[in-house]
Every structure is written in structure tokens, then in C-alpha cells.
Amino acid sequence: MARKVSLSNVRNIGIAAHIDAGKTTTTERMLYYTGKTYKIGEVDDGAAVMDWMIQEQERGITITSAATTCFWKDYRINIIDTPGHVDFTVEVERSLRVLDGIIAIFCAVGGVEPQSETVWRQATKYNIPRIAFINKMDRSGADFFYVIDMMKSKFDTNPMPVQIPIGKEDKFTGIIDLISMKAIIYKDVMGLKYSIEDIPGDLKSIANKHRQELVENIANYNDEILNKYVENNEICQEELIAAIREITLSGKGIPVLCGASFKNKGVQFLLDAVIDYLPSPLDVPSPLGINPYTEKEENRKASDEEAFSGFLFKIMTDPFVGKLSYVRVYSGILKSGTQILNANTENKERIGKILEMHANTRVAIEEACCGDIIGIVGLKNIKTGDTLCSPTKPIRFETIVFPEPVIYIAIEPKTKVDQEKLSIALNKVTEEDPTFKVYTDGETGQTIIAGMGELHLEIIVDRLIREFNVDANVGRPQVSYRETITREVQVEGKYIRQSGGKGQYGHVIVDFIPNEYGKGFEFIDKTKGGAIPREYIKPVEMGIVDAMQSGDLAGYPIVDIKAVLLDGSYHEVDSSELAFRIAGGKALREAMVKGAPIILEPIMDVEVVVGDEYMGEVIGDLNARRGKIFSVNLRNNMRIVKADVPLASMFGYATDVRSKTQGRATFTMQFKKYEPTGDALANEIIRRVKGSIAV
């Protein structure tokens, strides 16, 4: 099968923003104007193509990232619409891992909101070029230049407005394009009819001012534009677009556009900007990887002529085709029926069906080319973050690191039949969602499910009931605490066992040191003179890691410790890997007794948007929840209250804040860090845990 479009005409882009900024609405318009759909689906009506899950349609929010492909002016655009709610940030993370460019959407009223900042940081981590679209210019309180200023202050970035709005709020009637110096005037309320005209006389001076600022901004990074500007020579449209594209790809500037997606205003020109400014697979650095057999670094050029390599970034359980794997093809051509290697597991598998995805519908294709984002049916021993490649030219790309869950609930099936269905369903959901964890409480025997927030677990429980037909009882949400030590302690771990024949002998001396917050576990071997043979060093580390799963205070995981193996001894006959693994675990348990252990609790970054009349109530309530208020700012006649609040105090906050403010306050919350609990709370947690075990 011949490639439909050249690789330079392919765009792999994501739509990302804070919840309710208009990501899905914008995507729906893009699909309509590119001819992918024949009618516009509305989020509020539960009819958006990209929000296909029943849970998304009921709540009017995006929960899972959805992929689709459309064509605009001979260009192929692969789009991933991502969620805005912080509980589903994993969907953004794994999508950004495979995208070449991003459209960051900002609400013209809310500006840069908390999840906008999270998405921006994620995009910066992967060095992804971005364009910005300031949406909802027709809303009361809309302010284009206010959002530009927020982008500068919040992101320390260089926004380059390539458009400015004509009017705002209910007087938003069009857009001035600073590249062509033409006005796009909308002729009806819903933006379906427009004309491109000369800039109205009363707006020429402001348009010239912003055009000059844009050219000066570009001249800072482009010598040709600088020379023409200094010599007062005319700069043509093509030169400006090429210069802005270069600045965007280098990450030195962000082209900014505006519109009102719900009213169909500005979307066609946003599609033009995707083509003009965002990269093709040829414009981004070739992905680096490791040869799994030689462990040497290699890179794979973006070309159909190269050996096949792809990155598996999402797994989904599809009711019609079973397990569906989403793959970004980085090089080569993948044909149905060919054999591929999973470089992470070193297993070989045969490719079944290859699918071109359009949200939850699909079209079977015979082969996928470099730059494509596709679905593959039938892969078995896989997980998110695996590299698929040609068996003759293997490569393993860097995988994705996902955050740990901060909240959990107990779940139990109502009948014996439900027991089996629950087990199968939980395995499928765990495969799909790397931030969802399932484990069995060793003390109570309960099945525990853990996730990133109340909404995250609520959606999963809803899916278990509706999608997998599991009837289950669900407990109340619980906080996922952690344990750690607060002082350095040197301990001895010894495991000696004689049982007639060959015995067991493992002996270690380990220095345990409190590690910096967020550094996790570090293991350092400082043994000398073969005190412990090399083959037993790794088992010591593994034994400590095993013991970290459950602390002594209240059974919570142990975090942020450094273990330095200093010395030990072994027996020529009786020593074994198992003995040293057990000795390592014993050493940690001893350190947890002597190292002044404490309990850590998750702290959430909370932002509440509220009017002046209810601000006192909101601040008082946050203080009562052990919150630390660190700023109160003004934004468009609304107060923005920012606070750090323990997660344990935030259950049910959505209902409480609505009732206290007559539904006029909105809030966002995301995990920030772990902090020590006070002694009183720690004792209460320990008493509660020990009490439940006793029962």
C-alpha cells in the first residue's frame, strides 16, 4: 500500500488543557471542518464523538484519551484529545510521550489554570513544540491580553500572538490575522458564515502596533527578518510563517491564536496553524533507544526505509475486538501478519489486525507507515511503555514512569460468581491504566483498589458494574499514607537456619539514611574485600525492597530511604540468595524500629475560585481542614485562593464548597507532595489500623 501523504505532511498533535477549557469542543469542530464527521457533536448533549465512554457522556468531561485521523489541505493530522481532570493525568502523560506537537487551549476567562500548568510542565519535559489557542472569547469576562500576560508570568515563556480578537464577550465578531494583515469577520452568531476583508479603519492602528511587536519578537531569533526590519524592507507572509515555524520548533516561542470553538469561530485558522507551525515527524529529533542485546545506545531515523520500531503507549479493552494496543510507529512499515519483537520482554509476537482509529470506531488497514498512530489487535504479553520492533534490528525506547496512587478503597464481590468476574475485570483495568493498582491486604484479606483521586476510583467502580457486570460492595475512600525514618541508623540483619541438611546463612550490616523527599529508594554497596560475594549483593537489595512494601507503624509502604550496605559475612556451604534476601528484609525492619519512624500523608495543591462575598467562608473551611493558605489573588472580579491541604481532609469537599457558596465556587485539586503527619494524627492512624486488624 502506497503512503497516502508524504511524511513531511504528517502532524501528530494533542489537544491539552485544564478541564472545561474546550478541548473536546475544539476537536469536534476540527473533525467537522476536515470532513471527518458530517455533524458537530456537542459535549453538553453527550454527543461528542471523542467522548465515547458512557461515563464521559454523563459527566460532560473527557476521561480517556481518544485518537483520530483527519485530512486538511493534503496534510494528514493524527489527533489525540486528552482529559483535563487531574485524576486522569496519566492519559496526558502517555499521549505526550508519542506526540510531536501540542495545541494548548486556554479559557479566555479563566486563563492559565492549575491543570494547564501541569500539562505545560509535562510538554516541557518531552520538549514538545506548542501553539496556544485562547478559547471562549465570546464569554463574559473574556480577556485575550490578560491570558497572554498570564502565560508569560506562569510559564516564563514567549507567547507570540499571530492573531488578535475583534471585540470580546458578546461583541466578539471576528479576528485580525497579523500575518496576512486581514480581518476575518463573522456574519452570524454561530460563526458558520464569514468573510476575509481589509482591517476596519478604526482597528488599523492597534493591528499595526501588534504586527510590529510580532515582527520585533521574531527578529530577536531570525537574522533575515531582523535585517529586513532594520532596513525597513517589506517582509512577505511566507517569510514570517517560516520564521515563526522555526521559533516554534526550537521551543523559543509559542504562536497564539484566538476564537470561540462552540460558536465555530477560529477553528479553520487553528487547523492552518497546525500545518504552518507544528512539526512533522521529520522535524523532531529521532528517538534514542538501547539495543536490548548489546545495551548500546542507538537512534532510529524517521523513515519508511528504516527497520520497524514503535512505542506502545496505551492499552484498552474493547468489547468487540478484545485487547487493543495503541502504537506510535517511529520508523519503518508494519504489515499485518509480520512477526515483531517486544524489546522489553524479548518475546516475539505476530501482528494480527492493524486498525486506523477514530475514537471508538475503527477501520482495518493492511499496513502502517512511519509517523502513524494505530491500534493493533491480538498482542498478548504487553504493557504500557513497551517498545515493539523488528526482530532483526532490535531497539528499546525509554519507558514511561507513572505516579503512585494516593487514595484507595476496599472492594468485595457479592457472590461467588462475581468473585471470578471481579478478578478478570480488575486485571483488564490494571492493564489499561498504569496508575490504577490492585492488591490484597495481608492482614484482612480484602481486595484493595488504589487510584489518583475520588473521581478516578468512582469511574473505575462504575465501569466494573456497567461494563464488566460485576456486583460488588465498595468501602469508603481511604488515604494512601507512607512511612519513613527520620534519623540515620546502622543495623544488622542476620538469617541463620539449620535443618538437618544444608542450612541457610545470610548476614548483613546496613546503614539506613533518610533520603530527600521524592528521591525514593537508593541502594549503595560499600562492602570491601569480598565480605559478601557479588552474587548475594542484589538479593540483599531485593530483600529490602520486599520489606518496604509494608512498614511497622501501620503497614503502609516505606519511602525515601537510602540503604548503604557496609559489611556482612557468608558461609561457604549454607549461604544462598534466599538467605541474603531475608537478611536484607530483617535489616530494614530493625531500622524501622530504631530510626524514629514517622507516617507521611499526601498533601494536595488546592485552588478555589470564589466571589468576595464567600471568600471568608472558603478560607475558614480550608483552615478547618488543616489547610495552609499561601495566596489569595484577584482574577476577573473573582478571588483565587491557593492552599496546601491534606488529602484526608478533602473527601466530600466538592459538595461542601457548593453548599457553602450556593454553587458559585469552583475548585481544582492535584497531588503535590508527602509531608509528615503530626504525632496525634499518626497515633490515631496507628490505633485505627491496629483496631481494624484486631476485629
Side-chain angles (χ1 to χ4, degrees), residues 1-13 67 69-80 97-101 126-129 245-246 249 274-275 278-313 325-344 346-357 363-377 379 382 385-399:
M1 184 181 79
R3 171 182 275 285
K4 288 182 183 176
V5 297
S6 69
L7 195 54
S8 61
N9 281 21
V10 172
R11 300 288 183 270
N12 287 313
I13 65 162
T69 299
C70 57
F71 292 86
W72 182 252
K73 297 182 179 177
D74 299 324
Y75 284 75
R76 176 190 175 112
I77 305 176
N78 299 316
I79 304 173
I80 297 182
R97 176 66 173 75
V98 297
L99 293 171
D100 300 327
Y126 293 115
N127 297 314
I128 299 177
R245 178 179 180 79
E246 187 182 304
L249 299 189
V274 167
I275 290 166
L278 289 180
S280 76
L282 296 172
D283 296 317
V284 294
S286 299
L288 288 172
I290 301 289
N291 185 311
Y293 301 129
T294 65
E295 293 298 319
K296 289 185 178 173
E297 193 170 76
E298 294 182 6
N299 78 342
R300 199 55 56 87
K301 186 181 170 188
S303 166
D304 290 345
E305 311 305 318
E306 284 270 344
F308 165 71
S309 68
F311 187 80
L312 195 159
F313 67 96
S325 309
Y326 284 75
V327 174
R328 158 74 190 264
V329 180
Y330 277 111
S331 64
I333 293 175
L334 180 65
K335 296 186 178 181
S336 186
T338 56
Q339 191 180 62
I340 54 101
L341 173 75
N342 183 331
N344 295 73
E346 298 185 13
N347 292 329
K348 291 180 181 176
E349 298 204 41
R350 195 161 295 281
I351 296 295
K353 275 188 181 177
I354 301 174
L355 305 173
E356 183 182 281
M357 300 303 300
V363 177
I365 55 177
E366 286 302 309
E367 64 183 34
C369 303
C370 176
D372 287 352
I373 293 175
I374 54 166
I376 300 177
V377 178
L379 297 179
I382 52 165
D386 283 353
T387 301
L388 309 179
C389 59
S390 164
T392 58
K393 198 168 181 191
I395 191 169
R396 184 178 68 240
F397 299 128
E398 184 183 354
T399 190

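Here the structure is a predicted model, which means the values were calculated and not measured.
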Ring pair (Phe, Tyr, Trp, His ring centres under 6.0 Å) partners for Phe311, two or more places apart: none

Any chance you could measure Asn344, atom CG, to Cys389, atom SG, to the nearest 0.5 Å? 9.0 Å

Which residues pass the side-chain hydrogen bond (donor to acceptor under 3.5 Å, both in side chains) test with Ser8, sequence neighbours left out? Ser6

Just to verify, what does Gln339 make a side-chain contact (heavy atoms from CB on, under 4.5 Å) with, not counting sequence neighbours? Lys348, Arg350, Pro391

Measure the spacing between CD of Glu398 and CG of Leu288 and express it to the nearest 0.5 Å. 9.5 Å

Set of ring pair (Phe, Tyr, Trp, His ring centres under 6.0 Å) partners for Tyr330, sequence neighbours left out: Phe397

Interatomic spacing from CG in Leu388 to CG in Asn347 - rounded to 0.5 Å: 11.5 Å

Quick check: closest heavy atoms across Cys70 and Ile79, and the distance to 0.1 Å? SG-CD1, 3.7 Å

Residue list, side-chain contact (heavy atoms from CB on, under 4.5 Å) with Thr338, at least two apart or on another chain: Leu334, Lys335, Ile351

Under the side-chain contact (heavy atoms from CB on, under 4.5 Å) test, residues paired with Glu305 that sit two or more places apart: Ser303

Glu298: what forms a side-chain contact (heavy atoms from CB on, under 4.5 Å) with it, not counting sequence neighbours? Asn291, Arg300, Ile395

With a 3.5 Å cut-off and no angle check, do the side chains of Asn78 and Asn12 form a donor-acceptor pair? yes

Residues in side-chain hydrogen bond (donor to acceptor under 3.5 Å, both in side chains) contact with Asn299, at least two apart in sequence or another chain: none

Sequence neighbours excluded, which residues qualify as side-chain hydrogen bond (donor to acceptor under 3.5 Å, both in side chains) partners of Arg245? Asp283

Spacing of Ile376 atom CD1 and Ser336 atom OG [to the nearest 0.5 Å]: 9.5 Å

By side-chain hydrogen bond (donor to acceptor under 3.5 Å, both in side chains), Thr392 pairs with (sequence neighbours left out) Ser390

Look at the side chain of Arg76 and the backbone N and O of Val5, then say whether any donor-acceptor pair between them is shorter than 3.5 Å. no

So which atom in Ile382 and which in Asn342 form the shortest heavy-atom distance, rounded to 0.1 Å? CG2-ND2, 3.8 Å

Can you give me the closest heavy-atom contact between Pro394 and Leu341, atom names plus distance? CB-CD2, 3.7 Å

Set of residues satisfying salt bridge (charged side-chain N to carboxylate O under 4.0 Å, His left out) with respect to Lys296, sequence neighbours excluded: none

Looking only at heavy atoms, what is the nearest atom pair of Cys369 and Asp304, with distance? CB-OD1, 3.7 Å

Distance, nearest 0.5 Å, that separates CG of Leu312 from OG1 of Thr387: 9.0 Å

Rounded to the nearest 0.5 Å, how far apart are CD1 of Ile354 and CD of Glu367? 8.0 Å

Any donor-acceptor pair under 3.5 Å linking the side chain of Arg11 with the backbone of Ile275? yes

Considering residues at least two apart in sequence or located in another chain, which fulfil the salt bridge (charged side-chain N to carboxylate O under 4.0 Å, His left out) criterion with Glu295? Arg396

Closest non-hydrogen atoms of Gly371 and Pro281, given as atom of the first, atom of the second and distance, are CA-CG, 4.0 Å

Check whether any side-chain N or O of Arg97 sits under 3.5 Å from a backbone N or O of Phe313 as a donor-acceptor pair, and report yes or no. no

Minimum heavy-atom distance between Ser331 and Ser309, given as atom pair plus value: OG-OG, 2.7 Å

